Amino acid sequence: MNKRGEISTQGIITKGIGGFYYVVDAEGTVHETRACGRFRKEKIIPRVGDRVKLSPGLDAVVELLPRKNALIRPPVANVDRIVVVASLTSPAVDMYMIDAFLLSAEAAGIDAMLCINKSDLCTEEECRSFCAVYEKAGYETVITSAKAAEGIDVLRPYLKDKVTAFAGNSGVGKSSLLNRIGDFCLETGAVSEKLARGKHTTRHVELFPLSFGGFILDTPGFSRVELPGITADTLSGLYREFAALEDECKFTGCLHLKEPDCAVKAAVEEGRIHIKRYESYQYFYEKLRDNKFWKIGKDE
């Protein structure tokens with residue numbers, strides 16, 4: 001109830017286009033709104049996923065409710081889980097992109113998991129072998145094929161009653177996967193043979209309600225990822241398998257690079273940490289140290 005004694009309608013922003021914000025209330029009604037003038041004055045930008053209060057006329061967002069988290073890219077708020085979607089072929093897998101998404105999730109305090117899509121284009125052994133890299137790191141993994149409708153029932157329970165963002169570079173089949181999950185009609189596109197990457201079929205961030213409870217966010221595919229707020233010195237704490245061993249290193253603040261008696265390097269040598277993840281850490285450390293984190297991705 002506001003100061004005038006009127007009951008405030010609350011809802012969640014599902015889409016923002018051209019200065020308009022589309023808000024779904026508890027009854028499922030969609031309201032087309034604009035942000036009130038105070039937002040512009042205070043440089044507040046609502047994001048998809050924000051829980052908000054509406055004006056009595058239901059045509060303006062007048063208040064943002066406290067966020068539990070927020071991402072810059074994609075620009076979303078109040079996400080419960082990020083599903084990082086990748087394919088092993090068409091387009092070829094890019095581990096650095098996968099890890100960049102996972103690092104962003106860890107930094108924001110959002111649970112994350114890996115989904116290998118397009119399993120119809122590779123062998124089960126190839127899919128399982130790749131997933132093992134991330135399972136060893138402590139991540140849940142799911143193998144799907146949107147084309148063959150395989151693995152969808154395995155993925156759905158992870159989405160129930162949560163706000164889930166699907167992220168991944170272009171062409172990995174995010175929109176096709178979401179169409180299978182929720183019977184949506186999202187535009188999909190083929191992978192360019194010349195560029196070996198997908199066409200950008202999702203042009204804005206949008207939240208879709210799921211019939212079995214919860215919402216999913218489809219986000220535009222992209223080939224570069226920013227890691228705001230992450231520094232070279234804080235990077236290791238965002239690798240789950242590293243953080244669990246840091247107290248065992250000889251030196252406090254060990255960077256797990258050239259230091260002696262490093263528990264992380266020992267775990268890599270013993271196979272308890274996958275060598276690919278350690279190489280990923282070295283790659284990102286150098287980028288962050290040299291202030292080149294904005295160049296992470298296939299377009300370097």
Side-chain angles (χ1 to χ4, degrees), residues 69 71 81-89 92-116 119 122-143 158 167-169 172 224-298 300:
N69 56 55
L71 295 174
R81 172 170 286 149
I82 292 178
V83 177
V84 180
V85 183
S87 63
L88 298 190
T89 183
V93 69
D94 184 343
M95 274 194 68
Y96 295 140
M97 284 294 296
I98 293 173
D99 285 348
F101 282 117
L102 294 176
L103 289 169
S104 295
E106 295 289 345
I110 302 173
D111 185 37
M113 64 181 293
L114 176 67
C115 173
I116 297 299
S119 62
C122 52
T123 67
E124 181 177 355
E125 182 180 356
E126 289 171 331
C127 291
R128 296 292 179 191
S129 177
F130 190 83
C131 285
V133 175
Y134 290 93
E135 290 167 355
K136 184 172 287 190
Y139 290 99
E140 297 277 1
T141 67
V142 174
I143 299 171
Y158 290 101
N169 58 307
V172 296
R224 294 189 182 185
V225 180
E226 297 178 3
L227 301 178
I230 301 176
T231 67
D233 291 339
T234 62
L235 179 65
S236 66
L238 302 179
Y239 280 76
R240 292 183 178 183
E241 62 271 55
F242 291 19
L245 296 172
E246 286 186 343
D247 290 343
E248 299 178 25
C249 291
K250 180 178 181 179
F251 297 102
T252 302
C254 180
L255 295 175
H256 320 306
L257 296 170
K258 298 180 180 179
E259 298 86 346
D261 298 321
C262 171
V264 169
K265 290 192 295 182
V268 174
E269 293 173 359
E270 296 167 5
R272 291 183 286 124
I273 291 178
H274 201 285
I275 184 62
K276 290 294 186 181
R277 285 280 285 177
Y278 184 66
E279 290 173 352
S280 164
Y281 169 72
Q282 292 175 307
Y283 171 84
F284 284 117
Y285 181 86
E286 291 179 6
K287 292 293 183 184
L288 292 166
R289 181 196 60 193
D290 298 336
N291 293 319
K292 293 181 179 178
F293 59 85
W294 62 87
K295 294 186 177 180
I296 291 168
K298 293 180 72 65
E300 287 185 271

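Treat the numbers as computed from the prediction; the structure is a model and nothing was measured.
Rounding to the nearest 0.5 Å places CG of Asp111 at 8.0 Å from CD of Glu106. The CD atom of Glu286 lies 8.5 Å from the CG atom of Leu257; values are rounded to the nearest 0.5 Å. Between Tyr285 atom OH and Asp233 atom CG the span is 6.0 Å, to the nearest 0.5 Å. Taking NZ from Lys265 and NZ from Lys258, the interatomic distance works out to 10.0 Å, rounded to the nearest 0.5 Å.
When all heavy atoms of Ser280 and Tyr96 are compared, the closest pair comes out as CA-CE2, 3.9 Å. Of all non-hydrogen atoms in Ala263 and Glu248, the two that sit nearest each other are CB-CB, 3.6 Å. Closest approach of Cys131 to Ile143, counting heavy atoms only: SG-CG1, 3.8 Å. Of all heavy-atom pairs spanning Tyr158 and Val142, the tightest one is CE1-CG2, 3.7 Å. Taking all atoms of both residues into account, the shortest heavy-atom contact from Ile116 to Phe130 is CD1-CD2, 3.7 Å. Scanning all heavy atoms of the two residues, the minimum distance from Ser236 to Glu246 falls at OG-OE2, 2.7 Å.
Looking only at distances, a side-chain donor or acceptor of Glu259 sits under 3.5 Å from a matching main-chain atom of His256. Here the side chain of Ser104 pairs a donor or acceptor atom with the backbone of Ala100 at under 3.5 angstrom. With Arg277 contributing its side chain and Ala137 its backbone, the two residues share no donor-acceptor pair below 3.5 Å. Between the side chain of Glu126 and the backbone N or O of Thr123 there is at least one donor-acceptor pair closer than 3.5 Å.
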Q | From CA spacing to verdict: salt bridge (charged side-chain N to carboxylate O under 4.0 Å, His left out), Lys136, Glu241 | A | CA-CA 8 Å; Lys136 184 172 287 190; Glu241 62 271 55; over 6 Å; no
**Q.** Step-by-step side-chain contact (heavy atoms from CB on, under 4.5 Å) determination, Tyr134 to Met113
**A.** CA-CA 9 Å; Tyr134 290 93; Met113 64 181 293; over 6 Å; no
Q: Any chance you could lay out the side-chain contact (heavy atoms from CB on, under 4.5 Å) test for Tyr278 and Tyr239, step after step, and finish with the verdict?
A: CA-CA 9 Å; Tyr278 184 66; Tyr239 280 76; over 6 Å; no
**Q.** Audit row: Ile82, Leu71, side-chain contact (heavy atoms from CB on, under 4.5 Å) steps and yes/no
**A.** CA-CA 11 Å; Ile82 292 178; Leu71 295 174; 3.6 Å; yes
Q: Show your reasoning for whether side-chain contact (heavy atoms from CB on, under 4.5 Å) applies to Met95 and Val133.
A: CA-CA 10 Å; Met95 274 194 68; Val133 175; 4.1 Å; yes
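For Glu124, the CD atom counts as loosely surrounded, since its 6.0 Å shell holds 12 or fewer non-hydrogen atoms of other residues, nucleotides or ligands. Other residues, nucleotides and ligands place no more than 12 heavy atoms under 6.0 Å from the CD atom of Glu140. Dense packing is recorded around CZ of Arg272, with more than 12 heavy atoms of other residues, nucleotides or ligands lying under 6.0 Å away.
The side-chain contact (heavy atoms from CB on, under 4.5 Å) test with Ile98 singles out one residue from Leu103, Val93, Asn169, and that residue is Val93.
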